[in-house]
Amino acid sequence: ETMKKLISVAALVLFSSCEGISVADAYVAADQATYDVIAPQYRAYVEADESLDAPSKASRMRLVETWKMRLEANKK
């Protein structure tokens with residue numbers, strides 16, 4: 001099991017270096033793609049959920065906003 005994980009990580013590193021993309025860049029790209037799909041749906045859910053009070057909605061919106069800020073800070 002551990003060997004399979006090591007081989008997977010080694011393959012990812014090798015593939016990333018061959019393509020000129022670092023693992024960190026690949027992670028940021030994957031995180032951005034995830035954000036692009038999840039964030040709009042999550043915002044819509046939070047806005048529509050009548051069971052959430054205003055502070056709960058604000059907290060959830062801050063979560064999405066900090067995710068966006070982290071992505072923007074990691075763009076080159």
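Here the structure is a predicted model, which means the values were calculated and not measured. All residue numbers in this chain count up from 1 along the given sequence.
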### Task
Enumerate the residue pairs fulfilling salt bridge (charged side-chain N to carboxylate O under 4.0 Å, His left out) with a member in residues 46-63, sequence neighbours excluded, ordered by first and then second residue.
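Qualifying pairs, neighbours excluded: none.
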
### Task
Hey, could you give me each pair passing ring-ring contact (aromatic ring centres under 6.0 Å, His included) that has a residue in residues 45-66? Not counting sequence neighbours.
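Passing the test, one end in residues 45-66: Tyr42-Tyr45.
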
For residues 28-37, tabulate all N or O donor-acceptor pairs below 3.5 Å that involve a side-chain atom, not counting sequence neighbours.
| unit_1 | atom_1 | unit_2 | atom_2 | d |
| --- | --- | --- | --- | --- |
| Asp31 | OD1 | Trp67 | NE1 | 3.1 |
| Asp31 | OD2 | Trp67 | NE1 | 3.3 |
| Asp31 | OD2 | Arg70 | NH2 | 2.9 |
| Gln32 | NE2 | Asp36 | OD1 | 2.8 |
| Thr34 | OG1 | Ala30 | O | 2.9 |
| Tyr35 | OH | Arg43 | NH2 | 3.1 |

#### Entry: Val46 reachable from Met69 in the ILVMFWY side-chain graph, under 4.5 Å edges
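Cluster IDs for Met69 and Val46 differ.
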
